[in-house]
2 protein chains.
Amino acid sequence: MNFEEFKNCGLRRSLNILSGKWKPLILQNLFEEDRVRFVELWRNMPRVSKKVLAEQLKQLEKDLIIERTEVHNFPPEVYYKLTERGQKLGPILSELHSWGNGLA
Amino acid sequence: MNFEEFKNCGLRRSLNILSGKWKPLILQNLFEEDRVRFVELWRNMPRVSKKVLAEQLKQLEKDLIIERTEVHNFPPEVYYKLTERGQKLGPILSELHSWGNGLA
DNA sequence: CGGAATCCGGGAGGATACTG
DNA sequence: CAGTATCCTCCCGGATTCCG
């Protein structure tokens, strides 16, 4: 396989989607709780600026991995959850986790 | 899961190992041919400078994913192949590939 | 609370030249 | 052939401030 073939292959797309300093941690939280509020997410990763967190969420949303739901209140409430497609990542990330721990 | 727990988890380690613009393509080549010479690798990705290619290879070697073998000739010959650990990545990357193509 | 707007620094990656 | 050695560019992520 050369670069031209690689450009449009699924592996590259997947890794592009996952690449982003905070995306794996975001997904991890969504696998655990299945519906998480912006501020809860932010509390679990207090070293991110809210700008960056919002960016990563937007990208995941655009890639159809997560869904955003807004409750029109004041103060506003915004929830994020995995899409069906996002949930299918679960087993794969779990294997990567095991592999990274030397268990596989 | 918060950031402190995430820092040392297997998922993060795995994605760190895979992150690098050319690493997935390098691995793809090694899965296909099982023993590849530096220059062959380089021909398959002519847009990389040799410096960068060497860097990525060094990192994969340090992470024990690939092995370097040098034949002391002139001109020199250097071969790269997957380690046992590296080969275990195969099925996982294959699933990521399918997922990225919307097949899973 | 959940962002958007602005500014900024560091580091990954690229271009080129050289060497054993 | 298989790399180093320099130099440079670009952009991701961080810090801060402001808004509905």
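Because the structure is a prediction, the values reported are computed rather than measured. Each chain gets a letter, A, B and so on, in the order the sequences are listed, and its residues count up from 1.
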(message) Could you check whether any side-chain heavy atom of B/R12 comes within less than 4.5 Å of a side-chain heavy atom of B/N16, counting everything from C-beta outward?
(response) yes
(request) Can you tell me the distance, in whole Å, between the OH atom of B/Y80 and the P atom of D/dA2? (result) 9 Å
(message) Whole angstroms only, please: what is the CG-P distance between A/N73 and C/dG3?
(response) 14 Å
(message) If the helix axis at each end comes from five base pairs, how far does the helix from C/dC1-D/dG20 to C/dG20-D/dC1 deviate from straight, to 10°?
(response) 50°
(message) How long is the straight-line distance from CG of B/D34 back to NZ of B/K81, given to the nearest 0.5 Å?
(response) 7.0 Å
(message) Between C1' on D/dT16 and CG on A/L53, what's the gap in Å once rounded to a whole number?
(response) 16 Å
(request) Quickly work out the B/H72 NE2 to D/dG3 P distance and round it to whole Å. (result) 11 Å
(request) Would you check if B/I65 and B/L30 make a side-chain contact, meaning some heavy-atom pair closer than 4.5 Å? (result) no
Taking N or O atoms only and anything under 3.5 Å, show me the protein contacts with nucleotides 10-13 of chain D, one pair per line.
residue	atom	partner	partner atom	Å
D/dG13	OP1	A/K21	N	3.0
D/dG13	OP2	A/Q56	NE2	3.2

(request) Can you figure out which of C/dG3, D/dA15, C/dA15 approaches the side chain of B/S49 most closely? (result) C/dA15
(request) Check each residue of residues 32-47 of chain B for a non-hydrogen atom within less than 4.0 Å of any atom in DNA chain D, then write out the ones that pass by number, or none. (result) B/R37, B/F38, B/V39, B/R43
(message) For B/N2 and A/R43, which I'm curious about, is there any donor-acceptor pair between the side chains at under 3.5 Å?
(response) no
(request) Report yes if some heavy atom in the side chain of A/V36 is under 4.5 Å from a heavy atom in the side chain of A/N44; otherwise report no. (result) no
(request) Between A/P76 and A/V48, name the one whose nearest nucleotide on DNA chain D is closer to the 5' end. (result) A/V48
(request) Rounded to the nearest angstrom, tell me the gap between atom CD in A/E61 and atom C1' in C/dG3. (result) 13 Å
(message) Both conditions, 6.0 Å and 45 degrees, for the charged tip of A/R13 above the ring of B/W99: are they met here?
(response) no
(message) Is there a side-chain contact between A/L53 and A/F38 in this structure, where contact means two heavy atoms from C-beta onward sitting under 4.5 Å apart?
(response) yes
(message) Quick check on C/dC1: is either OP1 or OP2 less than 4.0 Å from any side-chain nitrogen or oxygen of A/Y79?
(response) no
(request) Grab the CD-C1' distance between B/E77 and D/dG3 for me, whole Å please. (result) 15 Å
(message) With a 4.5 Å cut-off on side-chain heavy-atom distances among I, L, V, M, F, W and Y, is there a chain of contacts connecting A/I92 to A/F31?
(response) yes
(request) Give the rounded distance in Å between these two atoms: CD1 of A/I26 and C1' of C/dG2. (result) 14 Å
(message) Is there a side-chain contact between A/I26 and A/Y80 in this structure, where contact means two heavy atoms from C-beta onward sitting under 4.5 Å apart?
(response) no
(message) Just verifying a value: how many Å separate B/M1 CE and A/Q28 CD, rounded to the nearest 0.5 Å?
(response) 4.5 Å
(message) Is the positively charged end of A/R47 above the ring of A/W22, judged by distance under 6.0 angstrom from the centroid and angle within 45° of the axis?
(response) no
(message) With a cut-off of less than 4.0 Å, is there a side-chain N or O of A/K58 near OP1 or OP2 of C/dG3?
(response) no
(message) Among C/dG20, C/dG2, C/dC1, which nucleotide has an atom closest to any side-chain atom of A/K50?
(response) C/dG2
(message) Between B/L25 and A/L11, is there a side-chain heavy-atom distance shorter than 4.5 Å?
(response) no
